[in-house]
Structures are given as structure tokens and as C-alpha cells.
Amino acid sequence: MICDECKKRKAVVHMTKMIQGHKEEIHLCEVCAKAGENSEAINNFSIPSFLTSILDANYNSNSTLRGYGVTNECSSCGTSLHEFKESGKFGCDECHIVFKERLNPLIRRIHGNSNHVGKVPKRTGGAIHLKRRLSYLKQKLQEAIEEEAFEKAVGYRDEIRELEEEIKKT
Amino acid sequence: MTKWLKESGPESDIVISSRIRIARNLSGFPFPHMLKEDNGKDIANRVYNAVIEGNESLGKDFKLVEMHSIDKVDRLNYVEKHIISPALAKNTATGSLLINQDESIAILINEEDHIRIQCLLPGFQLDNSWNLADKIDDLVEEKVKYSFHEELGYLTSCPTNLGTGIRASLMMHLPALNMTGYINSILQASSQIGIAVRGIYGEGTEFLGNIFQVSNQVTLGITEEEIIKNLKNVGIQIIQKERYIRESLLKDKKVELEDKAYRSYGILKNARKITSTEAMKLISHVKLGVVLGLIKDSSLEKLNQLMEMIQVGFLQKYYKSQLSEYDRDVKRAEIIRMNI
């Protein structure tokens with residue numbers, strides 16, 4: 001087999017390129033392969049392309065299930081899902097909400113998880129602080145019941161009621 | 001002067017510096033790469049006001065450096081000191097930096113995210129770095145509204161930073177692990193528990209100057225404290241392994257180690273022309289010699305500083321001129337001879 005590039009030397013490097021299901025085979029000699037090392041064909045590892053490859057695997061399998069009226073563009077900044085796939089970057093905070101369902105598998109692949117448990121902004125995160133406190137108290141209540149520490153349990157129960165009222169108000 | 005370069009912190013025989021970086025964005029603005037110039041300036045103003053007016057003592061300590069107001073050499077210099085990223089240096093339209101006097105706290109404005117708070121301390125002190133970053137974060141949040149989502153946490157322009165938005169990292173000098181090849185098993189094991197270990201300075205496969213950066217990969221679904229605890233534990237493991245190998249090398253191959261350290265010292269003291277690759281390698285050997293008590297007439301602080309001073313941006317700033325590659329190698333050798 002001779003080199004696809006120079007059509008002279010013997011091909012020693014064989015590559016298979018897959019682009020959206022389309023398969024392309026490239027055969028190069030040592031000289032041409034070296035010359036092309038910086039070209040996109042060989043050295044195309046980048047975060048965006050890595051993200052895209054993860055995304056495509058999920059996105060394609062779901063695409064037939066998408067209903068009508070599902071938008072592919074962020075209403076706030078105009079970034080499309082396609083642009084996100086190209087750059088690996090969201091355009092604004094609204095993009096996160098618009099593409100959330102479709103990007104969840106990607107987020108899970110990166111982080112192994114898709115639920116934030118860390119810090120919450122002090123000023124704007126009020127309701128979230130309360131909700132976190134609520135689930136903490138519920139867990140404590142369960143523990144108290146299991147230990148048959150009923151006095152403690154009553155305390156937790158009252159606090160939970162108060163907190164639930166407060167959450168309703170916000 | 002830059003704190004992490006001037007001083008050596010805890011476990012400084014191995015850990016050069018500890019860094020915490022947190023990513024934040026302001027609600028209601030597009031992310032920096034989509035931002036118009038006036039919006040970008042508005043954001044820089046808001047953050048500046050939050051820090052300067054938020055706290056009197058901080059206000060005195062910080063200065064604003066706009067990327068367009070400093071030249072290319074100064075920008076490169078900040079990059080080499082690991083204070084700003086190349087991405088911020090490139091954004092001369094809206095990129096800014098708020099930095100305190102000892103350069104331990106830097107707030108990068110309009111890099112990949114609107115705000116990146118970075119605390120960089122010498123040696124192994126991740127907790128202190130985090131406490132500092134956490135405080136600055138609270139301070140900024142008093143004056144601006146962050147983009148935040150209950151499930152996704154702090155919203156960032158790249159999905160790899162979602163959740164806590166925190167990247168904790170250690171810069172470590174690991175000559176013994178690298179020399180003996182054990183570093184590869186550490187690279188592999190770490191990646192399996194969500195910790196990345198990568199060579200810095202070097203390109204490709206060579207780990208220049210035996211310097212490695214160890215950092216967390218996962219930012220969502222885990223608390224800041226857990227992220228830091230995990231990284232600390234991995235850091236301790238690596239420190240112990242590196243020390244153990246250093247000890248056994250010292251026992252079995254003392255003459256070889258001494259020979260390597262003194263030869264390197266000799267070249268650095270006498271060379272008239274040297275590339276940064278060679279210099280980094282030799283300084284690393286001398287560092288090991290100093291730490292093991294084989295070389296007495298140099299110090300860790302001096303050598304850490306030297307690793308910075310031989311970088312291109314520093315040389316050009318020091319000699320106040322654009323230098324050709326040939327001239328750089330000559331000036332580099334000169335600066336080494338004067339300072340080692």
C-alpha cells in the first residue's frame with residue numbers, strides 16, 4: 001500500500017477517522033505522517049472535542065425521542081447546542097437551564113454525579129439553605145426514632161414543622 | 001514580591017505551593033467569551049467595587065491591573081509566576097486582575113468565567129488557601145449576585161467546573177519518583193480516584209524540572225471540604241513515597257546522588273549559555289542535593305526563585321528588552337551565575 005499523501009513511499013501509518021458515523025481510512029508513509037503531526041487529523045485532542053465525543057454518544061441515542069417544541073438554541077444568548085458541542089462552553093447561565101436535560105448524561109460522565117452538595121451563596125441561596133437543613137433534620141429524626149430516643153425525636157419533628165412553614169412562605 | 005516564591009512553607013522539601021481556584025459568574029450577564037466590551041468593563045467595575053469597598057483592609061491591600069494597561073512582557077511575567085492564565089493574558093479587551101501585595105490572592109476577571117478567585121501559598125497548606133479563598137468569595141458575594149442553580153451549583157462556562165467551581169492543586173517537586181519511574185504508577189492510580197497528576201513546564205512526555213501538578217478533577221456532587229481532604233490525602237501519600245525513595249537512594253546511591261547534584265551545581269555556576277530545559281533539569285538536581293543535605297551553600301528558596309527567573313518573560317523584564325533566543329540563553333546563564 002502506498003501513501004495517500006505523497007503517493008510514492010510505502011504507507012506505514014494507518015488511521016481510521018470517524019466523523020458522525022462516517023468512516024474514513026487514511027494511510028500515510030512515515031515522512032508524511034510526521035509532517036502532519038500537528039495537523040488536525042492526528043493531533044486533534046482538545047477538551048471541546050473530548051466533550052463532544054461524550055455528548056454525541058448520548059445525544060444521538062436520544063435524538064429520536066425528542067418531542068416537538070424542544071429548542072436547540074438558548075433564548076437568552078443564542079448559543080446553540082451545536083455551538084456548545086464545538087466550543088465546549090456555555091454562553092450564559094440560561095444555557096444551563098435550556099440544555100439541562102440533554103446535557104445531564106455529559107455532566108454525569110464528567111463528575112459521576114449531577115447534584116450539587118457544596119457551598120451555597122449566603123445572600124441569594126436562602127431557600128436552599130433551608131431545604132438542606134430540612135433534609136438534615138429529617139435524617140436526624142429517623143435516627144432518633146431508630147434509637148428510640150423519642151424526646152429528641154419530638155424536638156426534631158417540631159423544628160421540621162417550623163422549617164416547612166418557613167419554606168412555604170419563601 | 002510573590003509570597004510563594006519568596007518563602008518556603010510546610011513540607012517545602014517536596015511541596016512548592018498550594019493553590020485553590022474558584023470559578024464564579026455574575027447572574028444576568030453572558031459568559032466572558034460572549035460578552036460585549038462595555039458589559040465586560042461593567043463586570044470588572046462591580047468586582048473591583050465589591051473587593052475594594054467591601055472591606056477596608058482588603059481595599060488597601062489590592063490593586064487593579066487591567067490587561068490592556070500592561071505590556072506583553074508583564075503579562076507573560078504574571079503567567080510564569082502562575083498568577084494568571086495565558087487565556088487572561090490574551091483578553092486585553094476586558095481582562096483584569098485584582099491582586100494583593102504579596103500576590104497570594106488574585107482575582108481574575110473575565111477569563112473563562114467572570115470571576116476566578118485564586119489563593120496561592122507556599123508549601124503544603126491547602127486548608128489555609130481554601131479558607132482565604134472562601135472568605136474572599138463571601139466578600140464578593142455580598143455585593144454581586146452569583147449565577148447559581150440548586151442542582152448544578154455555581155454555573156460556569158465549562159461543564160468541567162460546575163458545582164463547587166473549585167480546583168485545588170499542589171505543585172510538587174518529585175525527582176526521586178520520576179528518576180525511578182514510580183511516578184507512572186502514581187499517575188495511573190490517581191486518575192482512578194478523580195485526581196490528575198501532570199507535569200508542568202514540560203511539553204509532551206518529558207517532565208521538565210521534575211515538577212508536577214496534582215489537582216482534583218471532579219467539582220460536582222462533592223463538598224469543598226471533601227475535595228480538599230481527598231487532595232490532601234493524596235498529597236500526603238505522594239510526599240511519603242517521594243521521601244521514602246529519597247532515603248533509600250541516599251542509603252544505596254549516595255555518591256551517585258552527590259555526583260549528580262555537584263556536577264549540576266558546577267555547570268550552573270559556570271555555564272555561559274544555557275537553555276531553559278537544561279537549566280530546569282539541573283536546578284532540580286541541585287534542589288534534591290540541598291534538601292538531602294549534600295549541598296550546603298544554596299537554599300530551597302533561592303532555587304525556587306531561580307526556576308522562575310530563568311523563564312522568558314522574567315528575563316525580558318529584568319533586562320528590559322526583547323531578547324533573541326540566543327541572547328536569552330546567554331542572559332539566563334548570567335542570571336544563574338549571579339544568583340545561585
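Just so we're clear, the structure is a prediction, and the values are computed from it rather than from any experiment. All values below were derived from every heavy atom in this structure, side-chain atoms included, with hydrogens, water molecules and symmetry-related copies excluded. Numbered from 1 within each chain, the chains take letters A, B, ... in sequence-line order.
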Checklist entry - Do A:His111 side-chain atoms and B:Thr219 backbone N/O form a donor-acceptor pair below 3.5 Å? => result yes
Item to check | Rounded distance (nearest 0.5 Å) linking atom NE2 of A:His96 with atom CZ of B:Phe148 | outcome: 12.5 Å
Checklist entry - CD1/A:Ile107 to CD/B:Glu151 distance, rounded to the nearest 0.5 angstrom? => result 11.0 Å
Item to check | Sub-4.5 Å side-chain heavy-atom contact between A:Leu103 and B:Pro159 | outcome: no
Checklist outcome for this item: Closest non-hydrogen atoms of B:Phe31 and A:Phe90, given as atom of the first, atom of the second and distance, are CD1-O, 3.1 Å
Next on the checklist: Walk me through whether A:Asn113 and B:Ile222 qualify under side chain to side chain contact (heavy atoms under 4.5 Å, CB included).
Outcome noted: CA-CA 9 Å; A:Asn113 203 310; B:Ile222 179 168; over 6 Å; no
Next on the checklist: Between B:Val144 and chain A, with a heavy-atom cut-off of 4.5 Å, which part of the residue counts as in contact: side chain, backbone, both or neither?
Outcome noted: backbone
Checklist entry - Who among B:Gly153, B:Gly194, B:Gly28, B:Gly165 has the most heavy-atom pairs with chain A under 4.5 Å? => result B:Gly153
Next on the checklist: Are more than 12 heavy atoms, taken from residues, nucleotides or ligands other than A:Glu5, located less than 6.0 Å from that residue's CD atom?
Outcome noted: no
Checklist entry - Which of these passes side chain to side chain donor-acceptor pair (under 3.5 Å) with A:Lys119: B:Thr223, B:Thr164, B:Asp138? => result B:Asp138
Next on the checklist: Side chains of A:His116 and B:Leu220, heavy atoms from C-beta outward: is any pair under 4.5 Å?
Outcome noted: yes
Next on the checklist: Taking the side chain as everything from C-beta on, heavy atoms only, tell me whether A:Val120 gets closer than 4.5 Å to B:Glu150.
Outcome noted: no
Next on the checklist: Between B:Leu152 and chain A, with a heavy-atom cut-off of 4.5 Å, which part of the residue counts as in contact: side chain, backbone, both or neither?
Outcome noted: both
Checklist outcome for this item: Greatest number of non-hydrogen atom pairs under 4.5 angstrom with chain B, of A:Ile97, A:Asp93, A:Ile128, A:Val117, falls to A:Asp93
Checklist outcome for this item: Comparing A:Cys77, A:Gly118, A:Gly91 against chain B, the one with the most heavy-atom pairs below 4.5 Å turns out to be A:Gly91
Next on the checklist: One thing to verify: whether A:Lys89 and B:Asp113 come together as a salt bridge, which I'm taking to mean a side-chain N less than 4.0 angstrom from a carboxylate O.
Outcome noted: no
Checklist outcome for this item: One option among B:Met34, B:His33, B:Lys145 has the most heavy-atom pairs under 4.5 Å with chain A, and it is B:His33
Next on the checklist: Would you say OH of A:Tyr136 has more than 12 non-hydrogen atoms from neighbouring residues, nucleotides or ligands within 6.0 angstrom?
Outcome noted: no
Next on the checklist: Return the OG to CZ distance between B:Ser157 and A:Phe84, rounded to the nearest 0.5 Å.
Outcome noted: 9.0 Å
Checklist entry - Using non-hydrogen atoms only, which part of B:Leu35 is less than 4.5 Å away from chain A: side chain, backbone, both, or neither? => result neither
Next on the checklist: Only pairs of heavy atoms separated by less than 4.5 Å count here; which of B:Asp137, B:Thr156, B:Asn25 has the most with chain A?
Outcome noted: B:Thr156
Checklist entry - Any salt bridge between B:Glu142 and A:Lys122, counting N to O under 4.0 Å? => result no
Item to check | Test item: A:Pro121 and B:Tyr154 side chains (from C-beta on) under 4.5 Å apart, heavy atoms | outcome: yes
